[in-house]
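What follows is a short report on a single structure.
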Amino acid sequence: MTALRTLTSVLAAAAAAAALVGAPVHAADADRGGPGHHAKTLRHAAPPGFVIGSAVAGGGHHVDQPYPDPFPNDRVYRHLLGKEFSSLSPENQMKWEFIHPEHDRYRFGPADDIVRFARQHHQVVRGHTLLWHNQNPAWLTEGDFTAAELRGILRDHIATVVGRYRGRIDQWDVANEVFDDSGRLRTTDNLWLRELGPGIIADAFRWAHRADPHAQLFFNDYGVEGVNAKSDAYLALISDLLDEGVPVDGFSVQGHLSTRYGFPDDLATNLQRFADLGLQTAVTEVDVRMDLPDGAEPTPAQLAQQADYYQRMLEGCLAVDTCRSFTVWGFTDKYSWVPVFFPDEGAATIMTEDFERKPAYYALRSTLADAT
Ligand code: 9MR
């Protein structure tokens with residue numbers, strides 16, 4: 001079957017399946033000459049001032065990855081990354097273990113390449129991330145440092161990394177995933193909180209602000225799409241920090257969803273309460289994985305449900321004035337982290353491994369076009 005026929009039949013089946021589950025997928029609208037039918041890419045369909053982003057694959061724990069680093073090597077990937085998106089997030093290339101692999105050595109090359117590519121393609125960059133419990137290098141986690149030394153290490157890292165990209169990064173995920181699912185600060189598994197206490201969060205924001213006064217500084221997490229104990233904890237913490245004059249600019253929800261679970265219908269309500277604090281909001285890491293036992297192919301119904309979830313995430317963001325940035329965590333199944341981390345799940349992105357656009361892609365594009 002040709003790629004086009006596959007796509008056409010998938011779209012038709014997806015529309016039928018959407019009707020079945022009552023999902024408001026209008027995946028095919030854009031191609032039928034509906035609103036925004038002339039918008040050929042996501043970024044061109046987006047309303048003015050609204051950026052649509054993708055993570056830039058590479059540098060992860062994809063230990064069994066059967067491919068060379070995609071960003072520098074895959075020409076089709078690069079072409080689509082430049083053409084479809086107006087914002088880039090390094091998936092791993094600015095994380096501690098990657099950019100600061102030894103105490104006295106930084107590795108900036110891959111991050112520099114992304115920032116340069118973004119410039120060339122008129123894209124903004126979301127920096128990710130400065131204070132996190134994961135992907136810290138062994139020299140740091142296993143080193144024998146005093147509290148004062150650790151503090152100095154974090155301060156220097158933030159000054160160095162944020163300073164290097166000063167003026168070229170639009171939004172920074174300063175603090176990533178600092179709460180657990182019950183809304184308790186990760187004072188055990190987060191090295192910084194454990195060794196230096198929760199006050200280090202405010203310091204990280206202050207240091208980042210000093211290094212780049214124009215970058216918008218964010219808290220970022222998963223499982224905070226809706227109103228729940230964890231997002232409540234963020235609301236309380238950020239309110240306190242703002243009262244103390246700490247330079248926090250934004251709160252972002254990652255959006256790693258699964259078709260196994262219900263959609264977080266209160267996304268817009270949740271984002272709005274952060275917007276009401278005067279914050280920017282953003283959706284930063286969307287993917288929607290599905291059950292694919294024994295290497296099964298996605299069914300039309302699964303693709304339709306996935307498209308529906310992507311669309312509703314985007315609609316939730318578009319409904320909130322301060323949500324001006326929506327990023328997918330990779331745009332092709334070829335390089336997705338999902339099957340590596342979730343056995344028997346996958347197909348979580350908006351394009352197949354062969355870069356064929358799925359119903360989710362068209363759902364995003366027509367939703368963006370309708371919002372213009
Ligand atoms: O996609 C990233 C993957 O390549 C890494 O191996 C993994 C290791 O922790 O991190 C993934 O990205 C995460 C992001 O940085 C923070 N939110 C959750 C993402 C998915 O795990």
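First listed ligand is number 1; within each ligand, the first listed atom is number 1. Side-chain atoms are counted along with the backbone in the values below, which use heavy atoms only and exclude waters and symmetry mates.
Annotation: the span from I153 atom CD1 to E195 atom CD amounts to 11.0 Å, rounded to 0.5 Å.
Note on ring orientation: taking the six-membered ring where Trp is involved, the planes of H103 and F145 are perpendicular (angle over 60°, cut-offs 30° and 60°). Using a 30° and 60° split on the angle between ring planes, W96 and W192 fall in the tilted class, from 30° to 60°. Relative orientation of the H100 and H157 rings is parallel, given thresholds of 30° and 60° on the angle between their planes. The aromatic rings of W132 and H128 lie tilted to each other, with the angle between the two planes from 30° to 60°.
A side chain to side chain donor-acceptor pair (under 3.5 Å) with T281 is found for exactly one of N270, T322, D321, namely T322.
The contact set between ligand 1 and N176, taken as ligand atoms under 4.0 Å from a residue heavy atom, comprises 16 (C). Residue W329 has at least one heavy-atom neighbour below 4.0 Å for each of these atoms of ligand 1: 1 (O), 2 (C), 12 (O), 14 (C), 15 (O), 19 (C). With ligand atoms numbered from 1 in the order given, ligand 1 contributes 6 (O), 7 (C), 8 (C) to contacts under 4.0 Å with heavy atoms of F341. Applying the 4.0 Å criterion to heavy atoms of H128 picks out, from ligand 1, the atoms 14 (C), 15 (O), 16 (C). The distance from ligand 1 to the heavy atoms of E177 drops below 4.0 Å at these ligand atoms: 16 (C), 17 (N), 18 (C).
For atom 8 (C) of ligand 1, the nearest non-hydrogen atom from the set Q254, Q135, K95, E97 comes from Q135.
Residue-to-ligand polar distances place E285 within reach of ligand 1: an N/O pair is separated by less than 3.5 Å. Looking at ligand 1, you won't find any N or O of W337 less than 3.5 Å from one of its N or O atoms. Geometrically, ligand 1 and W132 share no nitrogen or oxygen pair separated by less than 3.5 Å. Distances between N or O atoms of N134 and those of ligand 1 include no value under 3.5 Å.
For R105, the CZ atom is densely surrounded, since the number of other residues' heavy atoms within 6.0 Å is greater than 12.
Because its NZ or CZ atom is both nearer than 6.0 Å to the ring centre of F98 and within 45° of the ring axis, R107 counts as a cation-pi partner of that residue.
Of all the heavy atoms of T129, none lies under 4.0 Å from any atom of ligand 1, so neither backbone nor side chain is involved.
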